[in-house]
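Contents: one structure, followed by commentary.
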Number of protein chains: 2
Amino acid sequence: MPRPAILDRETVLGTALALADADGLDALTMRAIAQRLGVTPMALYRHVGDKQALLDGIVEHLLMEIPLPDPALPWTERLRAMTAAVRASARRHPAVFPLLLQRPAVTAGARRVRDAVYAALRDAGLPEPEIARTERMLASFVFGVAASESGGRFSVDTTVIDSDLEWFGDLLTTALSRHARDGA
Amino acid sequence: MPRPAILDRETVLGTALALADADGLDALTMRAIAQRLGVTPMALYRHVGDKQALLDGIVEHLLMEIPLPDPALPWTERLRAMTAAVRASARRHPAVFPLLLQRPAVTAGARRVRDAVYAALRDAGLPEPEIARTERMLASFVFGVAASESGGRFSVDTTVIDSDLEWFGDLLTTALSRHARDGA
DNA sequence: ACCTGAACACCGTTCAAGT
DNA sequence: ACCTGAACACCGTTCAAGT
């Protein structure tokens with residue numbers, strides 16, 4: 001008779017993410033996660049594979065958590081909202097966020113965010129062949145800002161980055177609008 | 001009588017960076033570095049502090065290695081050259097590059113690169129109060145692209161990123177030029 | 001001053017065993 | 001099916017000792 005399971009994948013990933021948020025990536029050990037769950041380290045392996053797979057799972061968890069904007073909003077507002085959401089996520093999970101840049105963006109979580117950007121860029125009037133490359137550049141920019149901010153690379157306050165983005169975001173959306181108009 | 005030193009800080013950092021380049025961050029252990037140098041692990045501690053300080057040293061080493069463009073070139077060419085240089089550095093040191101975003105940009109190596117960008121932006125005609133924030137945004141963008149590329153986040157060939165940047169770089173420098181003209 | 005050797009408190013992961 | 005316990009091959013770092 002199978003005994004009742006006391007663990008599942010989501011519980012392990014959630015606990016692991018919370019641990020990384022609180023104590024950093026170095027403290028994120030299989031043993032520490034197991035201890036938090038009142039279980040033996042080896043009990044985790046059935047549910048998350050190995051440590052590498054656990055980290056992949058946490059990154060995906062983080063991506064899935066990012067809220068997407070109301071599709072009824074203007075495209076500029078949607079990009080602005082997503083930028084804010086990514087920054088918030090990076091600040092909430094500073095240890096895990098950098099891993100996002102080190103994994104192929106081919107998962108459901110990555111597609112989910114990318115498709116929302118695609119939709120915004122289509123509504124901006126960008127020609128179809130330029131949608132994908134514009135998304136690559138914008139995502140790199142936003143992830144770069146978010147990783148720098150949460151990683152402590154900037155030596156300025158968050159509110160300064162707020163106003164940096166207000167200014168530079170306008171400059172970017174204006175340039176993209178103009179490009180869509182001239183090049184369409 | 002002090003015995004002749006067989007180790008120095010630069011040798012240790014160089015060996016460590018080469019090891020990380022070849023085998024990744026997980027393989028970058030004090031013991032493995034020591035073995036490469038034919039020495040006991042504890043011999044490293046005198047020269048590089050502890051492991052955290054070693055990583056800081058490697059990041060600084062990487063920054064110092066980035067070639068700066070000829071100041072006589074037009075500002076657009078200088079930004080283009082620095083972008084290419086940062087990408088090349090990221091591809092050469094894919095394991096270490098991400099650490100760049102996780103350390104305060106207050107070292108000599110960080111200042112060195114930043115000042116070159118400042119100079120380019122001044123020559124672009126940007127008003128002084130906007131120099132620093134523009135550098136923050138451009139550096140975040142370039143580091144984001146370089147980290148994504150070397151980290152494997154993109155699922156496209158390097159040449160595609162080349163052409164992405166050719167296009168998006170023009171869009172950016174055009175927007176900055178226009179802003180400098182209108183806002184000066 | 002510079003390096004070694006032994007030791008301590010950790011890691012991730014295997015394997016066989018229990019229920 | 002799910003978890004445990006013991007074991008293996010590693011870590012970073014301390015401390016005292018050698019030259």
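Chain letters run A, B, ... following the sequence lines, proteins first and then strands; every chain starts at 1.
Within residues 42-55 of chain B, the residues approaching DNA chain C are M42(B), A43(B), R46(B), H47(B), by heavy-atom distance under 4.0 Å. Taking every heavy atom of residues 97-104 of chain B and every atom of DNA chain D, no pair lies under 4.0 Å. In the region residues 26-38 of chain B, proximity to DNA chain C at under 4.0 angstrom, judged on heavy atoms, holds for none of the residues.
Out of dT13(C), dT13(D), dC3(C), the shortest distance to the side chain of L7(B) is found at dC3(C).
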side-chain contact (heavy atoms from CB on, under 4.5 Å) assessment of V48(B) paired with I33(B): CA-CA 12 Å; V48(B) 295; I33(B) 300 164; over 6 Å; no
Decide side-chain contact (heavy atoms from CB on, under 4.5 Å) for V12(A) and R36(A); before the verdict, give the C-alpha distance in whole Å, the side-chain angles of both, and the deciding distance to 0.1 Å. CA-CA 10 Å; V12(A) 174; R36(A) 273 213 180 192; over 6 Å; no
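Note that CZ of F97(A) is 11.0 Å distant from CD of Q102(B), once rounded to the nearest 0.5 Å. Between F168(B) atom CZ and L176(A) atom CG the span is 6.0 Å, to the nearest 0.5 Å. Atom-to-atom distance recorded for T29(B):OG1 and L19(B):CG is 7.0 Å, nearest 0.5 angstrom. If you take CG on D162(B) and OG1 on T83(B), they are separated by 11.5 Å, rounding to the nearest 0.5 Å.
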Tabulate below the donor-acceptor pairs under 3.5 Å that side-chain atoms of residues 133-149 of chain B make, not counting sequence neighbours, or state none.
from, atom 1, to, atom 2, distance (Å)
T134(B), OG1, E130(B), O, 2.6
R136(B), NE, D164(A), OD2, 2.6
R136(B), NH2, D164(A), OD1, 3.2
R136(B), NH2, D164(A), OD2, 3.1
S140(B), OG, R136(B), O, 2.7
S148(B), OG, G144(B), O, 2.8
S148(B), OG, R153(B), NE, 3.0
E149(B), OE1, R87(B), NE, 2.9
E149(B), OE2, R87(B), NH2, 2.8
E149(B), OE2, R91(B), NH1, 3.0

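Under the side-chain hydrogen bond (donor to acceptor under 3.5 Å, both in side chains) criterion, H47(A) pairs with no residue at all, not counting sequence neighbours.
L28(A) and M42(A) fall within a single hydrophobic cluster, where Ile, Leu, Val, Met, Phe, Trp and Tyr are joined by side-chain heavy atoms under 4.5 Å apart, directly or via other members.
Classification of R122(A) and E128(A) as a salt-bridged pair holds, one side-chain N sitting under 4.0 Å from a carboxylate O. Salt-bridge formation is detected for the pair R103(A)/D56(A): a Lys NZ or Arg NE/NH1/NH2 atom is positioned less than 4.0 Å from an Asp or Glu carboxylate oxygen. The pair D123(B)-R78(B) counts as a salt bridge, with a side-chain nitrogen and a carboxylate oxygen less than 4.0 angstrom apart.
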Intra- and inter-strand pairing of DNA chain D, written as dot-bracket with Watson-Crick and G-U pairs under 3.5 Å and | for the latter, reads ||.|||||...|||||.||
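Computed from coordinates, the I6(B) CD1 to dT4(C) C1' distance equals 11 Å when rounded to whole Å.
Side-chain atoms of T11(A) and D8(A) form a donor-acceptor pair, as typed in the model, at a separation below 3.5 Å.
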